[in-house]
Each structure stands twice: as structure tokens, then as C-alpha cells.
Amino acid sequence: MPDAIYHFPQGFLWGTATAAHQVEGGNTNNNWYAWENEPGRIFQGQKCGLACDWWGGRWKEDLENAARDNQNTHRLSIEWSRVQPRPDQWDDGALEHYRQIIRGAIKVGLKPMLTLHHFTDPLWLYENGGWENDAAPKYFTEYVRKVVGALHDLVDFWVTINEPDVYVTSGYVGGDFPPGKNDLGAAFKVMRNLLKGHAAAYKIIHEIQPNAQVGYAKNYRGFEPARAWFLPDVWITRFNNASFNDAFSNALVNGTLKFALKKEYVPEAIGTQDFVGINYYTLDKVAFKPFAVKDVFSRRFYPTDSEMSETGFIANIPRGMTAALKWAHQFNLPIYITENGVEDSKDTLRPQYTIQHLHEVWRMANFNWNVRGYYHWSQVDNFEWERAWSQRFGLWGLDLETQRRIRRPSVDMYAEICRQNAISSDIVRKYAPQVFDKLFPG
Ligand code: BGC
């Protein structure tokens with residue numbers, strides 16, 4: 001018997017998350033394929049290539065592993081450019097392929113959560129201005145109608161758009177994602193069109209499937225003032241929160257999109273989420289930086305004493321998860337952690353990172369907050385966008401040459417947590433002894 005145990009609510013969903021372009025391989029008809037073929041865009045010129053070869057059938061192995069290891073759900077996504085390779089062409093074969101994957105998931109006991117848009121756009125849309133084009137929401141709507149029409153007998157749990165906040169800031173402010181712009185005007189337009197696309201998708205899904213659960217996945221970034229006593233830091237932190245964390249979600253409540261120093265009323269967005277999806281990874285300190293117009297007057301950095309991930313991408317700060325959940329709680333809807341994880345090829349930080357973040361999820365669930373599930377990012381190492389293969393987020397490792405899956409200790413740890421629906425002192429002692437005293441003081 002364990003000495004102590006943190007139980008999660010009954011019926012809690014335990015899973016991992018993936019995204020089509022990151023695992024399927026062979027997606028050569030979208031903006032990310034175009035991007036990886038531009039010199040200097042992707043880490044060391046690496047390619048997505050076969051990725052985890054899901055399109056070639058290896059989804060089966062990964063989903064069977066997930067199910068065998070006691071997960072009961074999986075979040076995956078559909079690649080728009082496969083379903084609609086040209087504006088006037090639908091590929092029913094691709095939809096049938098997705099049906100097989102989803103049926104496979106259900107067969108082994110994984111409830112599918114399906115994302116309709118996870119960063120990639122078909123090349124034909126990209127070449128026509130992407131989401132800057134005001135016709136994009138309409139195109140997206142047609143695609144959503146097609147997909148939901150084809151899959152509604154299998155799926156009733158939908159994420160319309162993954163991280164519109166990251167899509168916009170990385171593509172139109174930071175420039176790391178296609179189309180690599182730094183243009184606040186374009187950023188606002190894209191955010192507004194994504195909001196319209198989301199709202200229309202929400203309505204279509206409910207039209208076809210009145211009982212569906214529909215939300216979007218929000219990347220919640222923690223922000224704390226660098227100097228809590230210094231008003232300009234406090235003010236600029238608020239500004240970061242308002243633009244990055246609040247903009248899209250507030251518009252789903254009051255219809256007003258306030259972003260990139262602009263404002264627009266999009267009334268059709270009101271009330272278009274049934275749950276709050278949170279992707280939480282890390283937290284920044286924010287200092288006011290005069291004259292830094294391009295960085296919106298902010299200097300963002302990790303707290304100096306942070307425990308850092310392998311490539312310095314993520315600081316292990318579980319209190320940011322608490323902040324994310326507090327933020328999500330204000331919407332008074334069910335909450336799912338739709339992503340959380342860390343890049344760590346040696347699996348030295350992942351066990352404690354995961355346990356510490358889950359402990360915060362447990363604390364909030366035990367305030368009787370409506371937290372219903374957790375999806376670890378990710379089941380297996382996959383293509384990390386502009387960072388390509390330099391970052392390894394999988395519970396399982398991937399040998400790219402052979403496609404062999406490599407079992408990391410975190411696989412067993414997560415399997416135990418899912419099986420017990422709890423974090424027990426035994427699990428912590430075994431997999432993350434460094435944080436034992438933090439979790440079980442006294
Ligand atoms: C994205 C994932 C990505 C992960 C780790 C999230 O922002 O939704 O696609 O792999 O972060 O970088």
C-alpha cells in the first residue's frame with residue numbers, strides 16, 4: 001500500500017496528444033512543407049519527412065501502446081490539405097484513412113478528441129494569403145462541414161483550432177512560423193479571421209451533432225511581473241496577459257476581440273465554447289522595456305533560478321499550471337489540459353515535470369473545479385515545427401532511421417498514474433524522488 005495518494009476525480013480522462021503534420025509524414029501540400037523548403041527556416045535544414053509514419057500505418061503501434069499503458073483517450077488532428085488538396089477537390093480516400101485511425105483508437109479504448117486545425121494550412125490557401133484572406137473562414141467552414149459530416153458517427157469531442165495565439169504571434173509577430181511576418185496589422189486580421197472560423201465551426205458541429213463538446217486549445221503562457229513593486233512591469237505584464245492569454249477567449253464571452261492595439265466586435269463568437277482547452281508548458285517574467293516597440297515594450301525571461309529543460313525551451317514552473325487553471329475556471333465550463341509536457345531526450349526532467357504539473361491539476365480538481373482530463377504532449381517524439389527533431393517531447397522516443405519506438409521510464413510512470421487514476425507516494429518515490437518532499441512534506 002502507498003503511504004499517501006492523490007486521487008483524481010472518477011471518470012478523469014488520461015491521454016496523450018499529437019498533431020497530424022507532426023506524426024503523419026508525407027504532408028507535402030501545406031504551408032509547413034513550403035516553409036521547410038525555404039533555406040534557414042527550420043533547425044539545421046531538417047525535414048519532417050516520414051515523421052512517425054502514421055500515414056504509413058504506425059499510428060496503430062502508438063495508439064495500442066497508449067491503450068496498453070492505461071490511457072483512455074487520445075487527441076489527434078486532421079490534416080486539411082489531405083482532405084481538400086485543391087479548393088475544388090475533396091479526397092474521400094483520406095477521410096476513409098482517418099476513419100480507420102479513429103476506429104482503431106476507439107477499438108482499443110481511446111476516446112478520440114479531434115482537432116480540426118493544428119497550425120497547417122493547405123498550400124492553395126497559403127498561396128492565397130492564408131488567414132489574412134477574408135475568405136479563409138468560409139473555406140475553413142466548408143472543410144469542417146465535410147470532416148464532421150464524415151466522422152460524426154465516431155467523434156463527438158472537437159477542438160476547432162489549436163493555439164490561435166501561437167499561430168498568430170509566431171507567424172505574424174515573431175516570424176518563426178510561416179509566413180514569417182512581423183506585421184501587427186496582419187496579426188490582427190488573422191486573429192479575427194481565426195475567431196470567425198472558430199465560431200462558424202462551432203455552429204456547424206452543433207448543427208450536425210447537437211450533443212457534441214466543442215472547444216479550442218489555448219496556449220496559456222504564465223506571465224509574472226519581473227519586479228512586483230515596479231508599476232511599469234506590472235502594467236506590461238497585464239498587457240501581455242490581455243493580448244496573449246485573454247484576447248481570443250474573452251471574445252468568446254463578449255464578442256469583442258481586443259488584440260494588437262485594435263478592437264473589433266465579432267458577435268457570432270459569443271458563447272462558442274463548451275469546454276476550455278489549456279495547453280500549458282511554462283511561464284515568463286516580464287519587465288517593461290522602453291523603446292522595444294517590436295517586442296511590445298517587454299523583455300520576457302525565465303525566472304533566474306529555474307530548472308531548465310534540455311534545450312532551454314521550457315522552465316519547469318508548475319505554479320504556471322495553477323495560474324492557467326485559475327484563469328480557465330473563470331469561464332465556468334469543463335476544463336481539459338489539452339497539452340502539457342517537456343522536451344527531454346534523456347528523460348531526466350520529464351518524470352518530475354509531469355508529476356509536479358499533475359499535482360497542481362489534482363489540487364484544482366480537489367477544489368471541486370471542473371477539471372476533467374489531461375493530455376500529455378506527446379505519446380512519441382515527433383516533428384517539432386521550426387525546432388524539428390532537436391526537441392524530443394515523447395513519452396516514447398523515436399529512432400528516426402528505423403522508426404523504432406524507444407520506451408522511456410516516463411512511459412511506465414504515466415501508465416501507473418493512469419492505472420491508479422492517482423499520483424501515489426510510491427510512484428513519486430520510484431520515478432521522481434527529487435520532488436518527493438515537495439509533494440509529501442512531513
Ligand atoms: C503545440 C504543439 C507543439 C508543442 C511543443 C504546442 O504549442 O500545440 O504542436 O509540438 O507546443 O512545442
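Just so you know, ligand 1 is whichever comes first in the structure, and atom 1 is the first atom listed for that ligand. Residue numbers run from 1 in the order of the sequence given.
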Quiz item: Is it the side chain (CB and beyond), the backbone, both or neither of Q22 that lies under 4.0 Å from ligand 1, heavy atoms counted?
Solution: side chain

Practice problem: Check each heavy atom of N219 against ligand 1 and say whether those closer than 4.0 Å belong to the side chain, the backbone, both or neither. | Solution: side chain

Quiz item: Side chain, backbone, both or neither: which part of R387 comes within less than 4.0 Å of ligand 1 when only heavy atoms are counted?
Solution: side chain

Self-check item: Partner residues of D69 under the side-chain contact (heavy atoms from CB on, under 4.5 Å) criterion, sequence neighbours left out
Solution: W396, R407, V411, A415

Self-check item: Pi-cation contact, F301 with R299 (under 6.0 Å, within 45°)
Solution: yes

Quiz item: In the protein, what heavy atom is nearest to atom 1 (C) of ligand 1, and what distance, to one decimal place, separates them?
Solution: E339 OE1, 3.3 Å

Self-check item: atom 5 (C) of ligand 1: nearest protein contact (heavy atom, Å)
Solution: E384 OE1, 3.3 Å

Practice problem: Indicate, with yes or no, if the rings of W14 and F12 have centres closer together than 6.0 Å. | Solution: yes

Quiz prompt | Pairs meeting criterion salt bridge (Lys or Arg N to Asp or Glu O under 4.0 Å) with involvement of residues 105-125, two or more places apart | solution = K111-D156

Quiz item: Looking at atom 4 (C) of ligand 1, what's its closest protein heavy atom, distance included?
Solution: Y281 OH, 3.3 Å

Exercise. Compute the ring centroids of H74 and W54, then answer whether they are less than 6.0 Å apart.
Key: yes

Quiz item: What's the spacing between C52 SG and D62 CG if we round to 0.5 Å?
Solution: 6.5 Å

Practice problem: Using non-hydrogen atoms of the residue, decide whether H118 is closer than 4.0 angstrom to ligand 1. | Solution: yes

Practice problem: Establish, yes or no, whether a centroid distance under 6.0 Å links the rings of Y202 and W158. | Solution: no

Exercise. Please indicate whether any nitrogen or oxygen in N162 is less than 3.5 Å from any nitrogen or oxygen in ligand 1.
Key: yes

Quiz item: Under 3.5 Å between some N or O of ligand 1 and some N or O of E163?
Solution: yes

